[in-house]
Amino acid sequence: VQLVESGGGLVQAGGSLRLSCAASGFTFDDYVMGWFRQAPGKEREAVSCIRRSDGSTWYGDSVKGRFAISRDNAKNTVYLQMNHLEPVDTAVYYCAAVDFTTLAGTLPLRASEYDDWGQGLPVTVSS
């Protein structure tokens with residue numbers, strides 16, 4: 001599986017960015033794609049995830065109401081629309097994927113539950 005991220009960069013506080021993650025090489029039909037972020041000196045944090053088959057989603061408390069995850073199944077691509085960005089959102093953002101059938105029936109919220117990762121996208125929000 002290959003995950004290719006795009007859309008990161010520098011934005012002022014209050015601005016928006018949209019991250020994309022294009023996946024290829026899946027050998028399974030139902031997967032979950034998630035976004036994580038890691039700020040300098042901090043642990044990797046789950047941001048959001050979405051399941052391919054039914055579109056079910058999860059959001060971390062720190063991004064609820066500001067970020068929106070969506071998918072385009074025909075393109076095997078997941079998007080993360082980030083609005084009302086704050087300096088605390090500054091981090092490297094990673095896309096990740098896992099076969100949902102290998103899980104216990106719930107959306108995976110821990111990095112250790114994901115099998116495949118993108119290269120990471122720096123996002124910097126200036127004040």
Side-chain angles (χ1 to χ4, degrees):
V1 175
Q2 269 197 318
L3 302 176
V4 179
E5 302 141 329
S6 60
L10 173 64
V11 65
Q12 286 190 327
S16 299
L17 280 175
R18 189 175 83 152
L19 307 184
S20 300
C21 177
S24 61
F26 282 128
T27 59
F28 36 86
D29 291 331
D30 194 11
Y31 53 82
V32 176
M33 290 181 73
W35 287 97
F36 288 76
R37 66 186 182 186
Q38 189 164 18
K42 294 192 175 181
E43 291 189 356
R44 194 165 294 192
E45 172 193 18
V47 174
S48 183
C49 64
I50 188 166
R51 184 179 172 187
R52 182 189 190 278
S53 61
D54 62 7
S56 54
T57 60
W58 173 89
Y59 294 93
D61 287 342
S62 61
V63 305
K64 277 180 186 175
R66 299 189 299 125
F67 291 11
I69 194 169
S70 60
R71 77 207 194 284
D72 183 334
N73 287 347
K75 297 181 179 179
N76 277 343
T77 299
V78 168
Y79 306 95
L80 185 68
Q81 178 67 43
M82 306 188 296
N83 300 322
H84 305 294
L85 283 161
E86 305 167 356
V88 295
D89 296 314
T90 295
V92 176
Y93 283 70
Y94 296 89
C95 175
V98 61
D99 179 357
F100 184 79
T101 62
T102 66
L103 305 171
T106 58
L107 292 175
L109 307 183
R110 296 188 301 265
S112 60
E113 296 180 276
Y114 287 82
D115 294 325
D116 301 289
W117 291 84
Q119 76 279 11
L121 277 176
V123 170
T124 303
V125 184
S126 62
S127 56

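What you see is a predicted model; the values in this text were computed from it and never measured.
- Side-chain heavy atoms closer than 4.5 Å link hydrophobic residues (I, L, V, M, F, W, Y) into clusters, and following such links, possibly through other members, connects V11 to V47.
- Checking side-chain atoms of D30 against main-chain N and O of T101 turns up no donor-acceptor pair under 3.5 Å.
- Counting only N and O atoms by type, the side chains of D115 and Y31 include no donor and acceptor under 3.5 Å apart.
- D72 is listed as a side-chain neighbour of Y79, based on a closest heavy-atom distance under 4.5 Å.
- Across all non-hydrogen atoms, the minimal contact from F26 to A23 is CE1-CB, 3.2 Å.
- Judged by the 6.0 Å distance and 45° axis criteria, R44 is not positioned over the aromatic ring of F36.
- Under the disulfide bond (SG atoms under 2.5 Å apart) criterion, C49 pairs with no residue, sequence neighbours left out.
- Surrounding CD of Q2 are at most 12 heavy atoms belonging to other residues, nucleotides or ligands under 6.0 Å away.
- With L85 as the partner, the side-chain contact (heavy atoms from CB on, under 4.5 Å) test is satisfied by one option alone out of V63, T124, L17: L17.
- Here the side chain of R51 pairs no donor or acceptor atom with the backbone of S56 at under 3.5 angstrom.
- With rounding to the nearest 0.5 angstrom, the OG atom of S127 is 9.0 Å from the CD atom of Q12.
- By the 4.5 Å heavy-atom criterion applied to side chains, M82 and Y93 are counted as neighbours.
- Side chain of E45 to backbone of R37: no donor-acceptor contact under 3.5 angstrom is found.
- Residues E113 and T102 fail the side-chain proximity criterion, which asks for heavy atoms closer than 4.5 Å.
- Considering only heavy atoms from C-beta on, L19 stays 4.5 Å or farther from E5 through its side chain.
- If you run side-chain contact (heavy atoms from CB on, under 4.5 Å) between S16 and each of H84, R66, Q81, only Q81 comes through.
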> Which is it for M33 and T77 under the side chain to side chain contact (heavy atoms under 4.5 Å, CB included) test, yes or no, and what are the steps along the way?
Replying inline: CA-CA 9 Å; M33 290 181 73; T77 299; over 6 Å; no
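- Using a 4.5 Å cut-off on side-chain heavy atoms (C-beta onward), D89 and F67 make contact.
- Y114 contributes no side-chain N or O that, together with a main-chain N or O of C95, makes up a donor-acceptor pair within less than 3.5 Å.
- Scanning both residues, V32 and P108, for their nearest heavy atoms gives CG1-CD, 3.8 Å.
- Counting heavy atoms from C-beta on, the side chains of Q38 and Y94 come closer than 4.5 Å.
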> Stepwise, does the side chain to side chain contact (heavy atoms under 4.5 Å, CB included) test hold for V78 with L80?
Replying inline: CA-CA 7 Å; V78 168; L80 185 68; over 6 Å; no
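- The CD atom of Q119 sits 8.5 Å away from atom OG of S6, with the distance rounded to the nearest 0.5 Å.
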